[in-house]
Amino acid sequence: MALLLKNVGKTFENTGQATLKNINLEIKPGEFLCVVGKSGCGKSTLLNLIAGLEKPTEGKILLNGKEVKAPGSERTVMFQEHALFPWLNVIQNIKFGMEINGVPKKEQDYRAEKYLKMMQLEDYKNYAIHQLSGGMRQRVALARAFTMDSEILLMDEPFSALDKQTSNHLRQELQDIWMKTHKTIFFITHSVEEAVYLGDRVVVMSGEDGGIKNIVPIELDRPRHIYNEDFIAHRHKILEEIQGGDY
Ligand SMILES: Nc1ncnc2c1ncn2[C@@H]1O[C@H](COP(=O)(O)OP(=O)(O)OP(=O)(O)O)[C@@H](O)[C@H]1O
């Protein structure tokens with residue numbers, strides 16, 4: 001499912017200043033696209049536009065040629081805050097999205113078991129959310145996002161609230177699950193290392209003019225190794241592009 005952004009711009013009424021301007025971007029089916037850029041440069045706004053939660057004030061977003069005007073089942077959003085329901089246990093949280101989308105019970109069980117296994121949560125399915133660590137909670141949120149079986153996953157800094165060791169582990173797991181499922185992933189991160197580790201391409205947003213500064217292809221074999229010379233070179237290139245950001 002291809003996503004095409006054509007001259008997309010967004011100006012919020014209350015500020016009157018363009019947050020995003022002239023965004024032209026094609027996200028290919030099955031692509032892992034990472035987005036980096038200074039705080040406040042408009043990354044989440046871009047995600048919200050693609051999700052259909054906000055409307056562009058200029059240009060168009062096309063999903064398989066059809067204009068995006070609202071959220072849809074082919075796109076699932078996962079935010080930084082895992083937004084799990086504390087009154088539901090692990091398996092109930094995982095099934096929640098499928099339930100409200102009317103997925104038949106048998107299919108719910110099948111998908112829930114599949115992703116519980118992939119996320120190594122089988123032994124925890126009856127646990128209450130407060131009994132889980134932050135990393136496990138985010139695994140539950142990942143499992144829930146994948147059970148929706150949308151072709152496109154929109155992720156806004158899903159690992160940024162976790163400690164480095166846990167987030168490194170989860171990015172590995174996300175890569176594994178992406179390689180198995182071939183979803184299209186739009187992934188916002190503050191970490192250039194995470195972007196180079198995960199992305200087929202990394203979009204560097206400009207902090208100044210609301211546009212895209214550069215799109216850097218990451219043509220490194222997977223799984224990637226952060227101490228590899230080419231990995232470090234890509235990381236430096238992107239850090240230079242961002243210059244002056246809080247990185
Ligand atoms: N609903 C809104 N109404 C008005 N202004 C908004 C709204 N949403 C975002 N903005 C403004 O748009 C700009 C970009 O915000 P956005 O959250 O997209 O940036 P970001 O790059 O994701 O930042 P961060 O990395 O800190 O999460 C900010 O100046 C923000 O205040």
Side-chain angles (χ1 to χ4, degrees), residues 3-25 27 31-61 63 68-72 75-83 134 137-138 141-142 145 152-164 166-168 170-171 174 184-199 201-216 218 235 237-247:
L3 255 170
L4 191 62
L5 282 74
K6 281 178 146 181
N7 299 318
V8 168
K10 178 72 182 175
T11 301
F12 290 105
E13 264 174 37
N14 54 348
T15 60
Q17 270 188 332
T19 295
L20 294 173
K21 258 199 319 207
N22 297 323
I23 303 283
N24 287 292
L25 180 65
I27 307 169
E31 182 174 24
F32 203 127
L33 188 86
C34 290
V35 182
V36 296
K38 283 186 206 177
S39 183
C41 69
K43 301 182 293 296
S44 300
T45 303
L46 188 58
L47 182 143
N48 289 337
L49 292 175
I50 296 172
L53 298 167
E54 295 272 7
K55 290 198 173 68
T57 39
E58 284 155 48
K60 277 185 185 168
I61 299 176
L63 188 59
V68 167
K69 293 193 168 161
R75 285 156 288 148
T76 292
V77 185
M78 183 178 162
F79 294 105
Q80 178 181 352
E81 300 302 329
H82 19 74
R137 288 178 201 195
Q138 208 54 336
L142 270 177
I152 300 171
L153 280 168
L154 306 171
M155 305 182 138
D156 198 347
E157 298 188 43
F159 308 144
S160 65
L162 304 171
D163 62 86
K164 182 93 176 116
T166 310
S167 72
N168 285 357
L170 276 176
R171 76 183 177 197
L174 174 61
T184 307
I185 300 186
F186 179 94
F187 187 97
I188 297 177
T189 177
H190 261 102
S191 159
V192 174
E193 182 185 294
E194 192 167 77
V196 176
Y197 186 85
L198 287 169
R201 292 186 297 160
V202 177
V203 174
V204 182
M205 307 272 298
S206 162
E208 285 93 51
D209 62 3
I212 290 173
K213 192 164 184 189
N214 199 1
I215 300 178
V216 182
I218 314 290
R235 217 181 126 195
K237 179 175 165 53
I238 294 169
L239 280 166
E240 269 168 29
E241 302 266 359
I242 297 166
Q243 261 177 25
D246 45 1
Y247 280 77

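Atoms within each ligand, like the ligands themselves, are counted from 1 in listed order.
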Legend entry - Salt-bridge present (E208, K38; N to O < 4.0 Å): yes
Inset, instruction - State whether E194 and R235 are salt-bridged, where the test is any N-O pair (Lys NZ or Arg NE/NH1/NH2 against Asp/Glu carboxylate O) under 4.0 Å. - result: no
Can you tell me the protein heavy atom closest to [atom] and the distance?
{"atom": "atom 17 (O) of ligand 1", "value": "S44 CB, 3.7 Å"}
{"atom": "atom 9 (C) of ligand 1", "value": "F12 CE1, 3.5 Å"}
{"atom": "atom 19 (O) of ligand 1", "value": "G42 N, 3.3 Å"}
{"atom": "atom 26 (O) of ligand 1", "value": "S39 OG, 2.6 Å"}
{"atom": "atom 14 (C) of ligand 1", "value": "G40 O, 3.3 Å"}

Inset, instruction - Ignoring hydrogens and angles, tell me if any N or O in the side chain of T57 forms a donor-acceptor pair with the backbone of G9 under 3.5 Å. - result: yes
Legend entry - Under 3.5 Å donor-acceptor, R75 side chain and I152 backbone: no
Taking 4.0 angstrom as the limit and counting only heavy atoms of [X], give me the atoms of ligand 1 inside it, by number and element.
{"X": "N14", "result": "3 (N), 4 (C)"}
{"X": "E157", "result": "25 (O), 27 (O)"}
{"X": "H190", "result": "25 (O)"}

Considering only heavy atoms from C-beta outward, does the side chain of [X] approach that of [Y] to under 4.5 Å?
{"X": "L46", "Y": "M205", "answer": "yes"}
{"X": "M78", "Y": "P158", "answer": "yes"}
{"X": "L20", "Y": "L49", "answer": "yes"}
{"X": "P71", "Y": "L53", "answer": "yes"}

Inset, instruction - Would you mind telling me if ligand 1 is within reach of the side chain of T45, the backbone, both or neither, using heavy atoms under 4.0 Å? - result: both
Inset, instruction - Say whether D209 and S206, considering side chains only, have a donor N or O and an acceptor N or O under 3.5 Å apart. - result: yes
Inset, instruction - Could you tell me if any non-hydrogen atom of M205 lies under 4.0 Å from any atom of ligand 1? - result: no
Legend entry - Nearest candidate to atom 12 (O) of ligand 1, where distance is taken over non-hydrogen atoms, out of T19, L20, D156: T19
Inset, instruction - From atom 25 (O) of ligand 1, work out which of K38, E13, K10, K43 has a heavy atom at the shortest distance. - result: K43
Legend entry - atom 3 (N) of ligand 1: any protein heavy atom closer than 4.0 Å: yes
Legend entry - N/O separation below 3.5 Å, T15 to ligand 1: no
